[in-house]
Every structure is written in C-alpha cells, then in structure tokens.
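Counting begins at 1 with the first residue of the sequence.
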Amino acid sequence: MAGKNTVSRVEEIVKPFAESLSLEIWDITFTKEGTDWYLRIFIDKEGGVSLDDCVDLTHAVTKPLDEADPISQSYTLEVSSPGIERELKKDRHFEKYVGSPVMMRTIRPIDGVRDFNGTLASYEDGTVTVKLKDEKEIAVNKKDTSYVKLDDFDIKEF
C-alpha cells in the first residue's frame with residue numbers, strides 16, 4: 001500500500017467489509033477540523049442506508065483499520081449515509097444519476113451566475129451537462145465546479 005494516499009488505503013481495507021454487508025462505499029474523506037481528525041466513510045445501498053448499516057460497518061472495520069494502521073495520528077471514525085443532497089464526486093456517481101435533478105455551483109460565474117438547477121443531462125470525459133429549467137443546457141468541466149449535488153427538492157426516489 002506504500003505510496004497511496006490515506007483515503008485509497010482506507011478504501012482498500014474497508015471495501016470488502018462493505019461489500020459483505022451489501023453496502024457500496026460512496027465516498028471516504030479524511031479531514032482535520034480544529035485540532036481533531038475525522039475519517040468519514042459514506043455508504044449507500046439500494047433502498048437506502050439504515051442506522052444499523054452504519055453500526056454494522058463501523059463494527060466490521062474498526063479492528064482491521066487498527067491492525068493495518070493506515071493513519072498515524074488519532075482520529076474519529078464516522079460511518080454515515082451521503083444523505084439525500086449527496087454530492088456527486090466520482091465518475092460512477094455522475095453516470096448513475098444521469099436524468100436526475102441536480103444543483104451545481106461553478107467556481108467562476110458563467111454570464112454572472114454561479115448556481116444552476118436542472119437535470120443532469122450527461123457526463124462524458126469529465127464534462128457535466130445540466131439541462132436547465134428553461135431547456136437550455138450548460139456544459140462545465142467537473143474541475144470547474146465547486147459542487148454538483150442531487151436536488152432533494154425535486155428527487156422522488158433513488
């Protein structure tokens with residue numbers, strides 16, 4: 001595992017346990033907040049994530065993470081659902097939710113606007129295309145967005 005970043009190393013350890021529980025790893029973050037470090041594992045599954053799913057994965061991965069010791073400093077482990085307004089980060093997230101309502105914020109304004117709401121029309125080669133309410137389409141490279149999230153105000157189900 002040498003040479004890989006912390007999140008990649010953690011994902012290698014955690015993924016088999018998640019799969020054995022019929023869970024998908026949505027995202028993993030390792031961030032410092034104040035003086036404390038947090039390892040957050042976001043999980044998903046068909047039909048939604050329950051509190052029991054979070055507890056089960058926490059129990060399954062705590063010992064393997066301690067034994068592999070991919071993180072040198074102390075940290076707090078949190079396992080949760082990415083929530084309804086989940087941020088789309090990975091290619092597979094975008095591909096899964098083509099046709100779904102999204103909110104997108106760009107880093108720099110486009111015609112004076114940074115926030116866009118519409119339907120995720122397509123995702124190809126890192127380009128996010130959103131069909132706006134007025135039927136216009138806006139195409140932006142993913143790296144030029146602050147975020148793209150599912151729009152929970154329009155979404156009916158996953």
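Val130 and Val98 fall within a single hydrophobic cluster, where Ile, Leu, Val, Met, Phe, Trp and Tyr are joined by side-chain heavy atoms under 4.5 Å apart, directly or via other members. Leu77 is not connected to Leu51 by any chain of hydrophobic side-chain contacts under 4.5 Å among Ile, Leu, Val, Met, Phe, Trp and Tyr, and they are in different clusters.
Nearest heavy atoms, Glu87 versus Lys149: CA-CG, 4.0 Å. Closest of all the heavy-atom pairs between Cys54 and Ser81 is SG-N, 4.3 Å.
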Next item on the list: Give the C-alpha distance, both sets of side-chain angles, the deciding distance and a yes or no for side-chain contact (heavy atoms from CB on, under 4.5 Å) between Tyr97 and Val102.
Entry: CA-CA 9 Å; Tyr97 289 103; Val102 294; 5.8 Å; no

Check: Stepwise, does the side-chain contact (heavy atoms from CB on, under 4.5 Å) test hold for Asp44 with Lys96?
Finding: CA-CA 13 Å; Asp44 198 16; Lys96 179 176 181 177; 3.8 Å; yes

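Rounding to the nearest 0.5 Å gives a distance of 6.0 Å between CG of Leu57 and CG of Leu23. Expressed to the nearest 0.5 Å, how far CZ of Arg108 lies from CZ of Arg114 amounts to 10.0 Å.
Listed by chain and number, the residues in a ring pair (Phe, Tyr, Trp, His ring centres under 6.0 Å) with Tyr75 amount to none (sequence neighbours excluded). Under the salt bridge (charged side-chain N to carboxylate O under 4.0 Å, His left out) criterion, Asp115 pairs with Arg105, not counting sequence neighbours. Residues satisfying the side-chain contact (heavy atoms from CB on, under 4.5 Å) test with Asn141, not counting sequence neighbours, are Lys143, Asp144. With sequence neighbours left out, Asp134 forms a side-chain hydrogen bond (donor to acceptor under 3.5 Å, both in side chains) with no residue at all. Remark: Ile110 pairs with Thr106, Phe116, Ile138, Val140 by the side-chain contact (heavy atoms from CB on, under 4.5 Å) rule, at least two apart or across chains. Under the rule for a side-chain hydrogen bond (donor to acceptor under 3.5 Å, both in side chains), the partners of Lys131 that lie at least two apart in sequence or sit in another chain are Glu135. Taking Lys45 as the reference, Asp53 meet the side-chain hydrogen bond (donor to acceptor under 3.5 Å, both in side chains) condition, with sequence neighbours excluded.
Residues in residues 52-74 take part in no ring pair (Phe, Tyr, Trp, His ring centres under 6.0 Å) pair, two or more places apart or across chains. Residue pairs satisfying the side chain to side chain donor-acceptor pair (under 3.5 Å) criterion with at least one member in residues 24-33, sequence neighbours excluded, are listed as follows: Glu24-Arg92, Asp27-Lys89, Thr31-Arg40, Glu33-Arg40.
Contact check for Pro70 versus Glu12: no side-chain heavy atoms found under the 4.5 Å cut-off. Contact check for Val10 versus Phe30: no side-chain heavy atoms found under the 4.5 Å cut-off.
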In residues 117-126, what donor-acceptor pairs under 3.5 Å come from side-chain atoms, sequence neighbours left out?
residue	atom	partner	partner atom	Å
Asn117	ND2	Asp151	OD2	3.2
Ser122	OG	Thr129	OG1	3.4
Tyr123	OH	Asp91	OD1	2.5

Show me the donor-acceptor pairs within less than 3.5 Å that the side chains of residues 60-67 make with the rest of the protein, sequence neighbours left out.
residue	atom	partner	partner atom	Å
Thr62	OG1	Thr58	O	2.6

